[in-house]
Structure formats: C-alpha cells, structure tokens
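First comes the structure, then the notes that go with it.
Just so we're on the same page: letters track the sequence lines, and every chain starts at 1.
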Amino acid sequence: MADINRLIETHSGKAYLAAYRLTGNQADACDLVQETFVRVIRKAELYDEAFDFGGWLQRMLFRVYLNGRRAQGRRREVPLETPEGECCPLRAAEAAAGESPEKISEAAELREKLSSALNALPPELRACVVLVDVEGHDYGQAAEILGWPVGSVSGRLFRARRLLRDMLRRVEGI
Amino acid sequence: MNIMCVCVENMLDLYADGRLAACQARWVERHLASCPACAGRAASMRRLVSALRALPVPPPPADLAALIRDAVVSDRVPAGPDPELYHEPFPARTPSLSLAFGFLAFIFSLSSSLLGPGIPGPVWAERVSQAGSFDPGK
C-alpha cells in the first residue's frame with residue numbers, strides 16, 4: 001500500500017492536468033483520474049518496473065477516456081455555470097499583475113471561446129490536440145500513447161486544427 | 001487564392017510541426033515570404049497553438065489523492081455492466097445447436113411429402129367398407 005500511495009502522490013498531478021484538458025471540467029477530470037488509477041492497480045501484475053510508470057499511466061488515461069466517450073456516444077454534458085474557483089484565480093492573478101480591465105476581459109473571453117471550441121471536438125480529435133499541441137508531444141509519441149498509427153494521428157490532428165480554426169475564425173487574437 | 005496557396009495551406013500543419021522534407025520546407029518558406037495571405041494563415045496557426053498551450057488548468061482538489069486512494073481501496077469504479085441486469089431466463093444456445101434444431105424442423109416439415117400419407121387408420125378402413133370395395137380407379 002505504501003508503494004501505491006507513493007505512486008498516487010507522484011503521478012496524480014500530471015494525470016489530473018491531462019484529464020482536465022480532455023474532459024474540460026474538474027469533476028469529470030477527477031473521475032477520470034480515479035478510474036485510471038483503479039484500472040492501473042487492477043493490472044499491476046502486467047507492469048514491468050523497467051518501464052516508466054508515468055507513461056503507462058498516461059496511455060491508460062487516454063484509453064480510459066476514449067473508451068468512456070465511445071460508451072457515452074454523442075451525449076455531452078456541459079455545465080451551466082463555471083464552478084466556483086475554476087477561472088477566478090487566473091483573473092485575480094491578471095488583476096494583481098496590473099492588467100487593464102479590458103485586457104483581462106478580452107483574455108478571459110478568448111480562453112472561454114477556445115475552451116468551448118476544444119470541448120466541441122470529437123474525443124479522438126481532441127486527444128490528438130491535447131497530446132501534440134497542448135502537451136507538446138511529437139507525432140510518434142502521441143501515436144504510441146493512443147495506440148494508433150502515426151498517419152492516423154497526423155490526419156486527425158489536421159482535421160482537428162481545421163475545425164478549431166473554423167470555429168475560432170472570428171475570434172480576435174487567433 | 002491560387003493553386004500554390006491551396007498546396008501550401010494543406011502543408012502548413014506539417015511545416016509547423018517540422019515534418020516536411022527539407023526541400024518542401026524551403027519551398028513553403030519561399031511561398032510564405034512572397035504571399036501575405038498564407039503568411040497570415042501560418043501566423044494564425046502559431047497563435048492558435050500558443051493559445052492552446054496557455055489555456056489555464058485550475059489546481060486539482062486538495063483531496064484528490066485521498067479520493068484516488070479510496071477508489072483504489074474499495075475498487076468502486078464499475079468495470080462493466082452489472083451482470084444481473086443482463087440475466088437471461090434460458091441458457092444461451094450455441095450456434096451449432098440452433099442450426100441442428102433448424103435442420104430437424106426443416107426435415108419434419110418435409111416428412112409428409114417424403115413418407116406419404118402414412119398407414120391407413122381405422123377411420124379409413126371404415127370408409128372403405130361403407131363404400132363397398134376399394135377401387136382406386138373410380
């Protein structure tokens with residue numbers, strides 16, 4: 001149990017970051033991280049200590065996410081209001097940094113539209129964007145994490161960027 | 001937008017990710033230097049990627065590690081559908097058994113034509129005696 005606690009303490013933060021970018025909200029991100037750890041612990045006998053646990057956890061996280069989204073079909077749940085504390089700290093930090101109210105408002109609007117556009121992408125496209133554009137992995141690493149050929153990652157990323165550009169065509173700053 | 005712009009637009013993603021061959025990358029660079037519209041598209045793509053990287057993520061809840069530990073200990077995340085919901089009243093039939101039943105039903109439906117009307121029963125004998133004698137020619 002001590003080993004499991006150590007793994008949770010070490011890797012839960014990074015897993016949460018990826019989960020939040022995939023799901024778009026804190027509650028779903030926490031559920032995804034929990035489910036991923038449960039699956040990883042269930043399959044602990046398959047783990048070889050010579051390999052990187054973080055990479056294995058990340059692969060599992062993306063697959064749990066994609067399988068879960070497939071099971072849900074096209075159903076999307078969008079929170080009516082941003083939960084308290086999810087965006088306010090950033091606005092407070094910008095205000096503290098001396099930004100003008102207009103700039104703070106514009107930046108907040110840009111973030112909101114970008115998040116909405118990202119949330120509107122199909123799960124497979126979104127996973128590619130998160131891995132390559134947000135986390136900075138190259139195509140080969142993304143393909144290994146998702147278990148797809150490199151060509152599939154490349155094609156899906158192309159479609160995802162095209163969709164994002166279409167959705168954000170009229171947004172200033174993009 | 002001319003044909004060159006269309007070609008470059010389709011290559012911009014790969015160019016930005018450094019996945020073009022050196023000669024292709026030089027060709028794209030030459031076109032970007034001479035075409036303001038395509039240069040604008042390339043700049044827009046760079047801005048989109050940098051905006052995506054700058055998207056904020058709120059800090060995880062303070063009790064995230066405890067939640068994960070609880071989930072791991074009790075293993076409460078369902079692995080799949082509850083089997084009781086999918087309980088069948090009859091045992092599942094294998095395809096070969098279903099095929100055998102189907103074949104038997106088919107043979108049974110053909111049996112009257114294969115075996116004929118069968119052995120005459122007492123009702124038939126009574127009718128024959130009432131008619132006097134059995135003459136198939138009449």
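- For the pair B:N10/A:F158, a side-chain contact is recorded, criterion being any heavy-atom separation below 4.5 Å from C-beta on.
- Contacts between B:D13 and chain A at a heavy-atom distance below 4.5 Å involve backbone atoms as well as side-chain atoms.
- Atoms OG and CZ, on B:S44 and A:R161 in that order, are 12.0 Å from each other to the nearest 0.5 Å.
- Residues A:R162 and B:E9 approach most closely at NH2-O, 4.4 Å, considering heavy atoms.
- Contact annotation for A:V40: neither backbone nor side-chain heavy atoms come within less than 4.5 Å of a heavy atom of chain B.
- The closest donor-acceptor contact from the side chain of A:R111 to the backbone of B:L55 lies at 3.5 Å or more, if one exists at all.
- Counting all heavy atoms, side chain and backbone alike, B:R53 lies closest to A:V132 at NH2-O, 3.4 Å.
- Looking at heavy atoms from C-beta onward, A:L114 lies in side-chain contact with B:L48 at the 4.5 angstrom threshold.
- Neither the backbone nor the side chain of B:R46 comes within contact range of chain A; no heavy atoms are under 4.5 Å apart.
- Both A:L125 and A:L164 belong to a single network of hydrophobic side chains, linked directly or stepwise wherever heavy atoms of I, L, V, M, F, W or Y lie under 4.5 Å apart.
- With sequence neighbours excluded, the residues that form a side-chain contact (heavy atoms from CB on, under 4.5 Å) with A:D138 are A:Q141.
- Pairing each heavy atom of A:I4 with each of B:V72, the nearest pair is CG2-CG1, 4.3 Å.
- With hydrophobic clusters built from ILVMFWY side chains whose heavy atoms lie under 4.5 angstrom apart, B:V49 does not share a cluster with B:L20.
- Here the closest non-hydrogen pair linking A:S154 and B:L14 is OG-CD2, 4.0 Å.
- Taking every heavy atom of both residues into account, A:E9 and B:A65 meet most closely at OE2-CB, 3.8 Å.
- You'll find the side chain of A:Y16 reaches within 4.5 Å of the side chain of B:P61, heavy atoms only.
- Both A:W56 and A:V130 belong to a common hydrophobic cluster when Ile, Leu, Val, Met, Phe, Trp and Tyr are linked at side-chain heavy-atom distances under 4.5 angstrom.
- Between the CZ atom of B:R47 and the CG atom of A:L110 there is a distance of 10.5 Å, given to the nearest 0.5 Å.
- Under the ring pair (Phe, Tyr, Trp, His ring centres under 6.0 Å) criterion, A:F53 pairs with A:H11, A:Y47, not counting sequence neighbours.
- Considering SG of A:C30 and CG of B:D63, their distance stands at 7.5 Å, rounded to 0.5 Å.
- For chain B, no part of A:T36 is nearby; none of its heavy atoms comes within less than 4.5 Å.
- Within 6.0 Å of CG in B:L104 there are more than 12 heavy atoms belonging to other residues, nucleotides or ligands.
- Counting only heavy atoms from C-beta outward, the side chains of B:R19 and A:V150 approach each other to under 4.5 Å.
- The part of B:L64 that comes within reach of chain A is its side chain, from C-beta onward, which places non-hydrogen atoms under 4.5 angstrom from that chain.
- Between B:A71 and A:Q34, the shortest heavy-atom contact is CB-OE1, 3.6 Å.
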